[in-house]
Amino acid sequence: MNSLSALRRGHTVQQLQQEQFDLVVIGGGITGAGIALDACTRGLKVALIEKNDFASGTSSKSTKLIHGGLRYLKQFEIKLVREVGRERATVHRLAPHLVRPEKMLLPLIEGGSYGQIATSMGLWVYDVLAGVEGSDKRKMLDIGETLKKEPLLSAKKDILKGSGYYAEYRTDDARLTIENIKTAAQNGAIPANYISAHDFEYNKGKINGIQCKDELSGESFTIKTHFVVSAAGPWVDTLRNKNRSLEGKRLFLSKGVHIVVPHEKLPIRQAVYFDVPDGRMIFAIPRQRVTYIGTTDTPYDGDPNHIPITEDDVNYLVEAVNNMFSDHKIQAEDMESSWAGLRPLIYEEGKSASEMSRKDEIFESNSGLISIAGGKLTGYRKMAERIVDLLSKKYKEQFQQSLSPCQTNQIALSGGPFRNFEAVNIYTQQIAEALKAYGLSSSDALYLVSNYGKQANDILQLMDKHSALEPEKIMALAEARFCIEHEATCRLTDFFNRRTGRLYFNLPSIERVKEEVIDLFGEVLAWDTDRLKEEQDLLEKEIQLSKNIVPANY
Ligand code: FAD
């Protein structure tokens, strides 16, 4: 049985209880996932624990771009832009099905924050820093070319000066996290979701164990380890506090909200990065049947486990869109779904949320807790490399043995390998052909391949079990089986949110398939009636929250 099968979870928890690890990573977001993969492929015995589901923190709530961060150029963050800019192509190469090219249009508007010359220069520097080549290099478009790319900008044609057109990549952050975790598991790491770290154990003042709780069974136990890395995102300071090492630099949490509308409400043809009247910039990105819009950037000091979306947040994004696409005004009621995440930034005196650096930093406590925070989804692999380089030194000092150098730039993520993006497209056509037999369409093929890459074949194999049903249900049930057996999918919300993205990008489909999916989960995972009810209630609560309706007792 696959080591990440939810059916094998009991065995995994036993391994955590009984084995001695070199490294335990706390936090199953993209940072922790990247560290686990890097560390186990250099020869360390690694466990990763996540208190909720993998990617349930910030790593399922980003703008889902693998981007160089054009706006950081304005803040002269040259080193950051160079690193993440270059990482884009690397992460694309490692998972071209999941990190897909997405051309971005930056309209130049009279009185806007970027002039024509500054934009042209800025995008040129951006390309040079990131080593962008060939047809991906930026182009400056005139008004006619701009309107051809995005006819919805015609509302601004009197003050439109043209646009910058440049290359970025789009992903699904939660799937990028889970594929890193799966690849780590294939290389010997032991990842477990729903295991929280509560406290540390010490020997002669140095951490040698983590007190944990299994959040599904309620059982408490200790994991024995030589090294601990906390990649707990917005919760990094909570763990530093437990370790009594919260001194010096601290986290600053900034909230970012996205809203999703049906594509016909804002039928943009392509991704646009545009000015907001307050001087910030936001994205509007088409994604199959919807367009998503974000993000806000405001200080947050509430509960990181429950991040509310206020009327002001929604209105800010609605007004920003209506200001740019004034012939296609949207309303708050058009919002189909939404999400809010927290940027775990490093506090800098006197700066606003959007001015604060996105650089990552490492904190080390005297008792051996290594924490990493800040950074970007895009730069996760380099962040992991820095942490494991540091561990490598410590390992050599302690055990007089050298670890191998970082090799993650050569390790295709699970779902691959694909030679290049062209190979992804050819494979997608093959899947589309095969899906016809089940009454499914080419957009279903695109969805399956973007989410699962070559694992779409494994999902196809499972479709026959349900072939008497409607096409949409056949696919959802095959996905559910695959996710339970291969992706540690323990709860309904893991499936509908972080494995499939339906909670954000296809909310209406949940209503259509949920009955059968609930039955399947109940049967495969042997849930009793209490558990079934708990799971159904939790799913309903998350559906309400995605619609931005605050459920009772929240
Ligand atoms: P998280 O994803 O939050 O992971 C930390 C994990 O630790 C959580 O899952 C949490 O449950 C777990 N945890 C905490 N405490 C414990 C404990 N005691 N025991 C066990 N587990 C624990 N970056 C980009 O490159 N591109 C973008 O488009 C982009 N857009 C963004 C938009 C928004 C609105 C935001 C907020 C961020 C965006 N970012 C983007 C930044 C990026 O999303 C984050 O840098 C990244 O996801 C942080 O990942 P992480 O793993 O460090 O934290």
Side-chain angles (χ1 to χ4, degrees), residues 24-36 47-69 72 80 83-85 87-88 91 99 102 168-174 176-177 180-181 191-200 210-213 215 223 228-243 251 253-258 271 273 282-283 285 292 294-298 300 304-305 307 309 313 338-345 353-354 358-360 371-380 383-384 387 498:
V24 175
V25 181
I26 304 175
I30 190 65
T31 309
I35 293 167
L48 177 149
I49 54 170
E50 161 56 52
K51 73 183 170 85
N52 200 294
D53 185 24
F54 300 125
S56 57
T58 308
S59 299
S60 54
K61 301 183 184 127
S62 76
T63 310
K64 302 168 197 297
L65 290 173
I66 294 298
H67 67 152
Y72 312 133
L80 176 73
E83 180 172 297
V84 285
E87 271 306 285
R88 292 179 303 179
V91 187
V99 178
E102 178 87 44
E168 298 281 22
Y169 297 88
R170 197 192 68 193
T171 191
D172 182 304
D173 44 8
L176 187 61
T177 305
N180 266 280
I181 285 173
N193 48 1
Y194 297 102
I195 303 286
S196 55
H198 276 259
D199 212 337
F200 301 99
I210 303 177
Q211 292 172 6
C212 301
K213 183 173 168 202
E215 296 293 338
I223 309 180
V228 178
V229 170
S230 161
W235 296 267
V236 154
D237 280 356
T238 310
L239 285 168
R240 289 171 77 205
N241 204 16
K242 274 268 171 249
N243 179 239
L251 288 194
L253 303 182
S254 151
K255 181 173 82 164
V257 170
H258 289 81
Y273 184 40
I282 65 166
F283 294 96
I285 303 174
Y292 68 102
T295 166
T296 61
D297 198 347
T298 51
Y300 183 78
N305 298 302
I307 315 160
I309 298 178
D313 294 328
S338 57
W339 67 88
L342 296 177
R343 301 172 184 86
L345 307 176
S354 57
R358 268 54 179 166
K359 280 196 306 270
D360 56 280
S371 307
I372 181 160
K376 303 276 299 167
L377 180 75
T378 310
Y380 78 90
M383 288 167 71
I387 280 281
R498 291 162 293 271

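We number each residue from 1, following the sequence as shown. Atoms within a ligand are numbered from 1 in the order they appear, just like the ligands themselves.
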A.B. asks: Any salt bridge between D297 and R343, counting N to O under 4.0 Å?
C.D. replies: yes

A.B. asks: First locate atom CG of N193, then atom CD1 of I49, and finally report the distance between them rounded to the nearest 0.5 Å.
C.D. replies: 11.5 Å

A.B. asks: Suppose we measure from atom 11 (O) of ligand 1 to each protein heavy atom; which comes out shortest, and what is that distance?
C.D. replies: E50 OE2, 2.6 Å

A.B. asks: With heavy atoms under 4.0 Å as the rule, classify the contact between I30 and ligand 1 as side chain, backbone, both or neither.
C.D. replies: both

A.B. asks: Please write down residue, atom name and distance for the protein heavy atom closest to atom 2 (O) of ligand 1.
C.D. replies: S59 OG, 2.5 Å

A.B. asks: Geometry only, no angles: is G375 polar-contacting ligand 1 at N/O separations under 3.5 Å?
C.D. replies: yes

A.B. asks: Distance under 4.0 Å to a non-hydrogen atom of G57: what atoms of ligand 1 satisfy this?
C.D. replies: 2 (O), 3 (O), 9 (O)

A.B. asks: Give the residue and atom name of whichever protein heavy atom lies nearest to atom 50 (P) of ligand 1, and the separation in Å to one decimal.
C.D. replies: T31 OG1, 3.2 Å

A.B. asks: Using the rule given for side-chain hydrogen bond (donor to acceptor under 3.5 Å, both in side chains), can you reason through T378 versus E87, listing the C-alpha separation, both sets of side-chain angles and the distance that settles it, and then say yes or no?
C.D. replies: CA-CA 7 Å; T378 310; E87 271 306 285; over 6 Å; no

A.B. asks: NZ/K376 to CD1/I66 distance, rounded to the nearest 0.5 angstrom?
C.D. replies: 9.0 Å

A.B. asks: What atoms of ligand 1 come within less than 4.0 Å of a heavy atom belonging to G341?
C.D. replies: 36 (C)

A.B. asks: For ligand 1, which atoms, with element, lie under 4.0 Å from some heavy atom of A232?
C.D. replies: 5 (C), 7 (O), 14 (C), 15 (N)

A.B. asks: Can you tell which part of K61 has a heavy atom less than 4.0 Å from ligand 1: side chain, backbone, both or neither?
C.D. replies: backbone

A.B. asks: Does only the side chain of A231 get under 4.0 Å from ligand 1, or the backbone, or both, or neither? Count heavy atoms.
C.D. replies: backbone

A.B. asks: Numbering the atoms of ligand 1 from 1, which are under 4.0 Å from a heavy atom of K64?
C.D. replies: 28 (O)

A.B. asks: What protein heavy atom sits nearest atom 18 (N) of ligand 1, and how far off is it?
C.D. replies: A197 O, 3.0 Å

A.B. asks: Tell me: protein heavy atom nearest atom 36 (C) of ligand 1, and distance?
C.D. replies: R343 CG, 3.3 Å

A.B. asks: Looking only at non-hydrogen atoms, find the nearest pair between L377 and S62 and report the distance.
C.D. replies: CD2-OG, 3.9 Å

A.B. asks: Need the ligand 1 atom indices (1-based, order shown) with element for anything under 4.0 Å from a heavy-atom of P234.
C.D. replies: 3 (O)

A.B. asks: For atom 7 (O) of ligand 1, what is the nearest protein heavy atom, given as residue, atom name and distance?
C.D. replies: G27 CA, 3.2 Å

A.B. asks: Think K64 forms a cation-pi with W339, using NZ or CZ under 6.0 Å from the six-ring centre and within 45 degrees of its axis?
C.D. replies: yes

A.B. asks: If we set the cut-off at 4.0 Å for heavy atoms, which region of T177 has an atom near ligand 1: side chain, backbone, both, or neither?
C.D. replies: neither

A.B. asks: Would you call H258 a ligand 1 contact, heavy-atom distance under 4.0 Å?
C.D. replies: yes

A.B. asks: Which of these, T378, V257, L65, has its nearest heavy atom closest to atom 27 (C) of ligand 1?
C.D. replies: L65

A.B. asks: Which residue and non-hydrogen atom of the protein lie closest to atom 41 (C) of ligand 1, and at what distance in Å?
C.D. replies: L377 N, 4.0 Å

A.B. asks: Which atoms from ligand 1 have a heavy atom of S196 less than 4.0 Å away?
C.D. replies: 19 (N), 20 (C)

A.B. asks: Taking M383's backbone N and O only, do any of them form a donor-acceptor pair with D360's side chain (distance below 3.5 Å, no angle check)?
C.D. replies: no

A.B. asks: Which heavy atom of the protein is the closest neighbour of atom 43 (O) of ligand 1, given with residue, atom name and distance?
C.D. replies: S62 CB, 3.3 Å

A.B. asks: With only distance considered, is T58 within less than 3.5 Å of ligand 1 through an N or O on each side?
C.D. replies: yes

A.B. asks: List the atom of L342, the atom of T58, and the distance in Å for their closest heavy-atom pair.
C.D. replies: O-OG1, 2.6 Å

A.B. asks: Compare G233, G256, A340 and give the one whose heavy atom is closest to atom 53 (O) of ligand 1.
C.D. replies: G233

A.B. asks: Y380 and side-chain hydrogen bond (donor to acceptor under 3.5 Å, both in side chains): which partner among T31, N180, D173, T177?
C.D. replies: N180

A.B. asks: Rounded to the nearest 0.5 Å, what separates atom CD1 in I372 from atom CD1 in I35?
C.D. replies: 5.5 Å

A.B. asks: Hey, mind stepping through E215 and I195 against side chain to side chain contact (heavy atoms under 4.5 Å, CB included) and telling me if it holds?
C.D. replies: CA-CA 6 Å; E215 296 293 338; I195 303 286; over 6 Å; no

A.B. asks: Of the backbone atoms (N, CA, C, O) and the side-chain heavy atoms from C-beta on, which set of I26 has a member under 4.0 Å from an atom of ligand 1: side chain, backbone, both, or neither?
C.D. replies: side chain

A.B. asks: Mind checking whether L65 and I285 have side chains closer than 4.5 Å, heavy atoms only?
C.D. replies: yes

A.B. asks: Quick check: does any side chain N or O of K61 sit under 3.5 Å from a backbone N or O of S56, one acting as donor and the other as acceptor?
C.D. replies: yes

A.B. asks: Could you walk me through whether Y169 and V91 pass side chain to side chain contact (heavy atoms under 4.5 Å, CB included), step by step?
C.D. replies: CA-CA 9 Å; Y169 297 88; V91 187; over 6 Å; no

A.B. asks: Look only at interatomic distance and state if W235 has a nitrogen or oxygen under 3.5 Å from any nitrogen or oxygen of ligand 1.
C.D. replies: no

A.B. asks: Does ligand 1 have any atom that is closer than 4.0 Å to a heavy atom of V84?
C.D. replies: no

A.B. asks: So how far is it from N241 CG to W235 CH2, rounded to the nearest 0.5 Å?
C.D. replies: 16.0 Å

A.B. asks: Mark up the atoms of ligand 1 that fall under 4.0 Å of a heavy atom belonging to L342, in ascending order.
C.D. replies: 36 (C)

A.B. asks: Check ligand 1 against T295 and write out every atom of the ligand that is under 4.0 Å from a heavy-atom position of the residue.
C.D. replies: 34 (C)

A.B. asks: Apply side chain to side chain contact (heavy atoms under 4.5 Å, CB included) to residues I282 and T295 and explain how you reach the verdict.
C.D. replies: CA-CA 6 Å; I282 65 166; T295 166; 6.0 Å; no

